[in-house]
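Below: the structure, in structure tokens.
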Amino acid sequence: MKTAVLGPAERTEALARMADRELDVLVVGGGVVGAGTALDAATRGLSTGLLEARDWAVGTSSRSSKLIHGGLRYLEMLDFGLVREALKERGLLLGRLAPHLVKPVPFLYPLQHRGWERFYAGSGVALYDAMSISSGHGRGLPVHRHLSRTKALRVAPALRKDALVGALQYYDAQMDDARFVANLVRTAAAYGASCANRARVTGVLREGERVVGVKVHDLEEGGADDRFRSFEIRAKQVVNATGVWTDDTQGMIAERGQFHVKASKGIHLVVPKDRIHSSTGLILRTEKSVLFVIPWGRHWIVGTTDTAWDLDKAHPAASSADIDYLLEHVNSVLAVPLTRDDVEGVYAGLRPLLAGESEATSKLSREHTVAHPVPGLVVVAGGKYTTYRVMAKDAVDAAVHGLDVRVADCCTEEVPLAGAEGYHALWNARARIASRVGLHVARVEHLLNRYGSLTEEVLELIEENPELELGKPLTGADDYLRAEVVYACTHEGARHLEDVLTRRTRISIETFDRGTRSARECAELMAGVLGWDGKQVELEVEHYEKRVEAERESQLQPDDQTADAARLGAPDTVPL
């Protein structure tokens, strides 16, 4: 299969194709569910379009805990169906669909009571493993094990001795959520979907009661003014996969939705690896939910919170109270407490939860719903990252009912994502590849675990452009090569500096300066691909620095309202 490229020219062509003819399915929303829906529709042979108002995975899908998991705590809620479904999807992603992106990760659950807690928690983890294996896709992970306090402290010396009497260790999986979505979009494009980011839906087209398409504004060509570069895209079925924006987009049809989505804010801290001495992740019970300490390369991710959010959806802000909450809970078990000075990065995301009778967002449904509010429009909402493929299947199944042709069944269970084919063979040959291209083997491993077999495309950029020195690491972000910045623009649809520093790489949360030291070098590399002049380079750098400043200011504020006001001090980037 030919690898799809999401460069500037391909984006222009995709918009032209969508505007030129009526599509079978048009998906609105470029998060994991929208991208998955586009892939599902395209692999059934349907003419498919995918639109995203800002950048791929810009919202919830780049700000998660970065876990692919069955949801161990949902067993306690007796939600066996959701756990079984998620465990099957976890196994598919690990073994077949995305082994280059989804990796096993161990977690230690400290026990604080003798006797009954080991039996209670152990029974739950044993059931978790059994359900995974019975799904037929769970044999790639080790089963859980019981540890004494001595053995637990051996694998996690960072824990206070009085914080546990023993422990359980089990396995789940993790991924880079934004990178996963970028690969998902490229896979959909490879199967024929027309995909364009920075294309905002401003309204719907209707014929009587039926939705027949959308009005679109191209933010790259028309800037912020809706009078320029606006056009229409017609489709037999429009799928609304906009997550926490579901109610807003449903409002465009002036119809009351069949369900409502409530936003729940979750924040995460990123700290250096050496601040927590452990060879395993941690899962801790809190009074409201659970807290994870997750291995993340040369860092740890600590999260998350679960609180209602009804302020700005585009830029959810972490307050000082949020950060204190996480530090207080993780420090309750650490021998050497973390401080504010240890925090490299902070990010906040919004979960799209189906609104119910419960006031506590931690008790709202993580399950998804698909509805047909009016003819020609399908709405999919709720769910969790791990089960995106099931949500996508259900959304396309609903859309197919509105088509007057026979359509094939879903086949995405058998469709590996871009970069998966050949990954294991290249991993086995990583030392030889490193010798051939003159990079350290650790660099090649880094590339393989981000791009899989697409690594060869990154290496080709280095070889074909010796004058750009793309094989060198970025200033201020040694984990990433200069080639990855260029590749993000030529192949992965990055349009702005923030796209690269925040989502194509994770420099914005992995460095104490939040990426400001790397900003100008990145912008200058991007300019050559995107045709920026000096003014646009300056605008991109200035915008990014203001964004970091606004985020830092918001994280000093005492509550959500003041944090939101501070974060909104930085405007979004638009082209000159």
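Note: hydrogens, waters and symmetry copies are ignored here, and every other heavy atom, side chains too, is used.
Counting heavy atoms from C-beta on, the side chains of Arg547 and Thr502 come closer than 4.5 Å. Here the side chains of Ile507 and Leu474 are in contact, with some heavy-atom distance below 4.5 Å. Looking at Leu470 and Leu525, their side chains come closer than 4.5 Å, going by heavy atoms from C-beta outward. For the pair Asp172 and Leu67, the minimum side-chain heavy-atom distance is 4.5 Å or more. Counting heavy atoms from C-beta outward, Met175 and Leu93 have side chains that stay 4.5 Å or more apart. A 4.5 Å side-chain heavy-atom check between Leu501 and Tyr480 finds every atom pair outside the cut-off. Side-chain atoms of Cys411 and Arg44, non-hydrogen and from C-beta on, never get closer than 4.5 Å to each other. Put simply, the side chain of Leu141 reaches to within 4.5 Å of the side chain of Arg90, judged on heavy atoms.
Within the cation-pi definition used here (under 6.0 Å to the ring centroid, within 45° of the axis), Arg520 does not qualify as a partner of Tyr544.
We find the CG-CG distance between Asn183 and Leu101 to be 5.0 Å, quoted to the nearest 0.5 Å. Atom CD in Glu13 sits 10.0 Å away from atom OG in Ser194 (nearest 0.5 Å). In this structure, CG in Leu6 is found 8.0 Å from CD in Glu492, a value given to the nearest 0.5 Å. Taking CG from Leu97 and CD from Glu414, the interatomic distance works out to 8.0 Å, rounded to the nearest 0.5 Å. Note: Leu353 CG to His368 NE2 = 14.5 Å, rounded to the nearest 0.5 Å. Distance check, rounded to the nearest 0.5 Å: CD of Glu52 to CG of Leu219 gives 10.0 Å.
For the 3.5 Å distance criterion, the side chains of Arg567 and Ser554 fail to qualify, holding no donor opposite an acceptor. Using a 3.5 Å distance cut-off with no hydrogens or angles, the side chains of Arg503 and Ser62 do not pair a donor with an acceptor. Checking Gln536 against Glu540 by side-chain atom types alone, a donor-acceptor pair falls below 3.5 Å. Under the 3.5 Å distance criterion, with hydrogens and angles disregarded, no donor-acceptor pair is assigned to the side chains of Asp40 and Thr37. Under 3.5 Å, the side chains of Trp296 and Glu510 contain a donor-acceptor pair of N or O atoms. Using modelled atom types and a 3.5 Å distance limit, the side chains of Tyr451 and Glu457 yield no donor-acceptor pair. One side chain, Thr249 or Asn240, offers a donor N or O that lies under 3.5 Å from an acceptor on the other.
Between the side chain of Ser47 and the backbone N or O of Asp24 there is at least one donor-acceptor pair closer than 3.5 Å. In this structure, the side chain of Thr386 does not engage the main chain of Lys384 through any donor-acceptor pair within 3.5 Å. With hydrogens and angles ignored, the 3.5 Å screen pairs a side-chain donor or acceptor of Glu484 with a backbone N or O of Leu481. Asp513 places a side-chain N or O within 3.5 Å of a backbone atom of Gly515 that can act as its donor or acceptor partner. Using modelled atom types, no side-chain atom of Arg275 and backbone atom of His299 make a donor-acceptor pair closer than 3.5 Å. A donor-acceptor pair under 3.5 Å is absent between the side-chain atoms of Glu524 and the main chain of Glu521, judged by distance alone. In terms of modelled atom types and a separation under 3.5 Å, the side chain of Thr305 and the main chain of Ile267 share a donor-acceptor contact. A donor-acceptor distance shorter than 3.5 angstrom exists from the side chain of Ser518 to the backbone of Thr475, with no hydrogens or angles considered. When atom types are taken as modelled, the side chain of Arg430 and the backbone of Trp427 share a donor-acceptor pair closer than 3.5 angstrom. Distance alone, capped at 3.5 Å, is enough to place a donor-acceptor pair between the Thr455 side chain and the Leu447 backbone.
In terms of heavy atoms, Gly471 sits closest to Leu439 at O-CD2, 3.8 Å. Taking every heavy atom of both residues into account, Ala483 and Leu461 meet most closely at O-CD1, 4.1 Å. Pairing each heavy atom of Met391 with each of Gly383, the nearest pair is SD-CA, 3.7 Å. Closest of all the heavy-atom pairs between Ala348 and Ala318 is CB-N, 4.1 Å. Contact between Val102 and Ala173 at its shortest, heavy atoms only, is CG1-CB, 3.8 Å. Residues Gly29 and Leu50 come closest through the heavy atom pair O-CD1, 3.5 Å.
For the pair Arg11 and Asp218, the salt-bridge criterion is met [side-chain N within less than 4.0 Å of a carboxylate O]. A salt bridge links Arg443 with Asp478: the closest approach of a Lys/Arg side-chain nitrogen to an acidic carboxylate oxygen falls below 4.0 angstrom. Taking a cutoff of 4.0 Å between a charged side-chain nitrogen and a carboxylate oxygen, Arg389 and Glu89 qualify as a salt bridge.
Remark: of the listed residues Lys66, Arg504, Arg506, Arg506 is the sole one forming a salt bridge (Lys or Arg N to Asp or Glu O under 4.0 Å) with Asp176.
Taking the six-membered ring for Trp and thresholds of 30 and 60 degrees, Tyr423 and His100 have ring planes inclined between 30 and 60 degrees apart.
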field: Evaluation steps, side chain to side chain contact (heavy atoms under 4.5 Å, CB included), between His496 and His543
entry: CA-CA 10 Å; His496 293 282; His543 162 75; over 6 Å; no
task: Just do the side chain to side chain contact (heavy atoms under 4.5 Å, CB included) check on Gln555 and Glu551 with the steps written out, would you?
output: CA-CA 6 Å; Gln555 291 154 20; Glu551 287 185 342; 4.0 Å; yes
message: Set out, in order, the CA-CA distance, both residues' side-chain angles and the distance that settles side chain to side chain contact (heavy atoms under 4.5 Å, CB included) for Tyr191 and Leu39, then state yes or no.
response: CA-CA 7 Å; Tyr191 284 99; Leu39 175 60; 4.0 Å; yes
Trace of the side chain to side chain contact (heavy atoms under 4.5 Å, CB included) decision for Lys313 with Asp248: CA-CA 11 Å; Lys313 295 186 183 76; Asp248 301 76; 3.3 Å; yes
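Other residues, nucleotides and ligands contribute over 12 non-hydrogen atoms within 6.0 Å of the CZ atom of Arg96. Summarising the local packing, NZ of Lys273 is surrounded by more than 12 heavy atoms from other residues, nucleotides or ligands at distances under 6.0 Å. Applying the 6.0 Å contact sphere to CZ of Arg340 captures more than 12 heavy atoms from other residues, nucleotides or ligands. Heavy-atom neighbours of Glu421 CD from other residues, nucleotides or ligands within 6.0 Å: at or below the threshold of 12. With a 6.0 Å radius and a threshold of 12 heavy atoms from other residues, nucleotides or ligands, Lys103 has its NZ atom above the threshold.
Remark: Glu463 engages Arg436 in a salt bridge (Lys or Arg N to Asp or Glu O under 4.0 Å) (not counting sequence neighbours).
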